[in-house]
Amino acid sequence: MNASPQRRGMVLPIVLTLAGAAQALTFAPGPLPDGALALVQILALAVLARITLHGASTRQALVRGWWFATVYFSIGLYWLYVSMHDYGDLSAPMSAGGVLLLSAFLALFPGAACALARRLTPAAQQAPWRAVLIWAAAWTLFEWLRATVLTGFPWLNIGYAQVDSPIAGWAPILGVHGMAFIAACAAAALAGLWPAHATGKPESGRRGALLALVLPLAMVLLGWPLHHIAWSQPAGRPLHARLVQGNVPQSDKFNPALIRQGLQRHFELAALPPAQGEPAPDVIILPETVLPIFQDQLPPQVWDAWRDVAARQHAALIMGVPLHTIEASGRARYTNSAIGLTADTPLDALLRGRTEQRYDKRHLVPWGEYVPPGFHWFIRMLNIPLGDFDRGAQRQKPFAIAGQELALNICYEDLFGPALLPALQPMDGEPGATLLVNISNLGWFGDTWALRQHLQIARVRTLETARPMITDTNTGITAAIDAQGRVLSRLAPHTIGVLAVTVQGMRGLTPYARLGDLPIMLLIATILLAAAMCAWRRRAEH
């Protein structure tokens, strides 16, 4: 017996809320264990697929999808409250309202995906395999749009929940959006099993639903052998790196009275001799904005001290620093940057921000590193050191250190997989990057899910590119990840320390590194165009 419409109307919002909350837990371990994340994510999304694909109308699908996503974004991004309230001195109601408004906006993308899938899908019980493909294509399209529109915010893409599942084997071929497509296929296929018992033709309904399950099951299982393909090969000798985690409280980092103390802590950690049995470092890496003031505001003797550390350690240093430089035209340029220096780096080059090894952040954080037009009123309410930085070039030269080529990215730039690909490509006689390095300051978010979610994102980037990645942060998570997405070593968050790691650089381009999102976008465009033509034909016939 089917439940009455009135009872369903009361139960469905509760079910959607619980499913959305469950999905929010799947983007990093804790409280759910690693092994449960992928399955729970697919099951939660299956609830949404069932409710929207079998809903009464497109509008109903939009509203239900929007509510589901509002719940999972609000819970999954709760750490933005910490940033605005604890460190930005914004009131609790304003901070909570900011998280809810952002979540409600981001939820428009999944809501629109549900509406599009419902609009293009024939009766799901009559053509379950079409429903599976259309649902997955619509969901993936709007995941891609969310990563692109208005500079993009792809945090909590469902593909990141699949980093420890067989679906991860597809990352080197189709990237995170391909992983999302397969996960959405699996969710829609499971959703098709639910109503089979309630249809007028239970046996045929069950048969169709089981057939629709074959394709996503095959794609999931194929991920296992794909994961064992060697998409890249070792290049040169392994790199010995020291990662410095200063754990300077965010409330102290930009305090003029405490800047010297924070610098001294990082200086002492970088200057430590290697522990017994530990190889001498080839490179010492420090986090984003380890120098929280512009380079030309530092006395020359501070730069001399850093060069002395490099000389005593016989190592290169990489550090995050905001740069103030003057172009040939006389225009001042401000960038959130990473620089490389050695004992031989000229002092004048350091003071002018003209070091040979330099990376300027390209994908800037809205309201944090640039202010969108019309939003200065909001910025004035926050007590956060903000800048209006210039963007770096699309393709910047990797740092050549100890026979390896290190491609830098800063903060949340590693959310944007396609933006990391140009550094892998050989250009103008220079080899592509053999190793990825992310430097971040996640101190804005306290000890929250943001740190673990960011590490999961970095793991997917290593799978897509078949390159190892080093992540060096102020408060965590500082870690080394190999080219198969496995965390080799890490420091506990919110601790002071150094992490000695040995990482093997790799060469070779995965299909994703060569083509980016083009293959998965062509696939979903084909599915959706075919579905649109079929829907138009059905309407014309009636």
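Residue indices begin at 1 and follow the sequence shown. In this text, all values refer to a predicted model and were calculated from it rather than measured experimentally.
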For the student: nearest non-hydrogen atoms of [X] and [Y], plus distance:
X    : Y    : answer
G20  : V71  : C-CG1, 3.8 Å
L463 : A168 : CD1-CB, 3.9 Å
Q313 : P273 : NE2-N, 4.4 Å
V82  : G446 : CG1-N, 4.1 Å
V309 : F267 : CG2-CE1, 3.3 Å
A423 : P398 : O-CG, 4.1 Å

Quick one: are [X] and [Y] in side-chain contact, heavy atoms under 4.5 Å?
X    : Y    : value
N441 : P287 : no
L491 : I477 : no
L106 : R146 : yes
F445 : S83  : yes
I173 : I520 : no
I326 : R331 : no
P300 : L347 : yes
I470 : L243 : yes

**Message:** Aromatic contact between Y359 and F399, with the criterion being ring centroids under 6.0 Å apart: yes or no?
**Reply:** no

**Item:** Ring centroid separation W144 to W139 under 6.0 Å
**Value:** no

**Request:** Evaluate side-chain contact (heavy atoms from CB on, under 4.5 Å) for R354 paired with T325, printing each intermediate quantity in order.
**Result:** CA-CA 8 Å; R354 298 291 182 183; T325 55; 4.0 Å; yes

Point-to-point distance, once rounded to the nearest 0.5 Å, from [atom1] of [X] to [atom2] of [Y]:
X    : Y    : atom1 : atom2 : result
R514 : L424 : CZ    : CG    : 11.0 Å
S103 : L101 : OG    : CG    : 9.0 Å
L351 : Q295 : CG    : CD    : 7.5 Å
L317 : L341 : CG    : CG    : 4.5 Å
L156 : E143 : CG    : CD    : 9.0 Å
I439 : E413 : CD1   : CD    : 9.5 Å

**Message:** Other residues, nucleotides and ligands only: do more than 12 of their heavy atoms fall within 6.0 Å of CZ on R260?
**Reply:** no

**Item:** CD (E356) with more than 12 external heavy atoms under 6.0 Å
**Value:** no

Between the main-chain N or O of [Y] and the side-chain N or O of [X], is there a donor-acceptor pair closer than 3.5 Å?
X    : Y    : value
R312 : A271 : no
T355 : Q357 : yes
Q41  : F27  : no
Q396 : A393 : yes
S74  : L100 : no
R237 : G403 : no
R242 : P281 : no
D390 : Y334 : yes
D517 : M521 : no
R507 : A235 : no

**Message:** Please list all pairs meeting side-chain hydrogen bond (donor to acceptor under 3.5 Å, both in side chains) that have one or both residues in residues 454-468, counting only residues at least two apart or in different chains.
**Reply:** Y160-R461, D164-R459, D414-H454, Q456-R459, R461-E464

**Request:** Quick one: list whatever passes side chain to side chain donor-acceptor pair (under 3.5 Å) with R307, sequence neighbours left out.
**Result:** D304

**Request:** Please identify each residue that fulfils side chain to side chain donor-acceptor pair (under 3.5 Å) with H85, with sequence neighbours left out.
**Result:** none

Can you find a side-chain donor-acceptor pair between [X] and [Y] that sits under 3.5 Å?
X    : Y    : result
T473 : T478 : yes
S165 : Q162 : yes
H240 : T502 : yes
Q404 : T434 : yes

**Message:** Applying side-chain hydrogen bond (donor to acceptor under 3.5 Å, both in side chains) to Q245 and N474, what does each step give before you reach the verdict?
**Reply:** CA-CA 5 Å; Q245 182 173 288; N474 173 30; over 6 Å; no

**Message:** Classify the ring geometry of W449 against Y78: parallel below 30°, tilted from 30° to 60°, perpendicular beyond 60°.
**Reply:** perpendicular

**Asked** Between F105 and F109, what is the ring plane arrangement, given parallel below 30°, perpendicular above 60°, and tilted in between?
**Response** perpendicular

**Request:** Check step by step if side-chain contact (heavy atoms from CB on, under 4.5 Å) holds for L263 and L291.
**Result:** CA-CA 7 Å; L263 286 175; L291 306 182; 2.9 Å; yes

**Item:** Passing option when W155 is tested against W79, Y412, F416 for ring-ring contact (aromatic ring centres under 6.0 Å, His included)
**Value:** W79

**Request:** For D296 and H324, run side-chain hydrogen bond (donor to acceptor under 3.5 Å, both in side chains): C-alpha distance rounded to whole Å, both residues' side-chain angles, the deciding distance at 0.1 Å, then the answer.
**Result:** CA-CA 7 Å; D296 52 6; H324 167 224; 2.6 Å; yes

**Message:** For S337 and D360: C-alpha separation, side-chain torsions, deciding distance, then whether side-chain hydrogen bond (donor to acceptor under 3.5 Å, both in side chains) applies.
**Reply:** CA-CA 4 Å; S337 302; D360 298 333; 2.6 Å; yes

**Asked** When you look at V321 and E288, which way does the side-chain contact (heavy atoms from CB on, under 4.5 Å) test go after all the steps?
**Response** CA-CA 7 Å; V321 54; E288 177 188 15; over 6 Å; no

**Message:** Using side-chain contact (heavy atoms from CB on, under 4.5 Å), reason through L509 and W231 one step at a time and then give a plain yes or no.
**Reply:** CA-CA 7 Å; L509 297 178; W231 298 104; over 6 Å; no

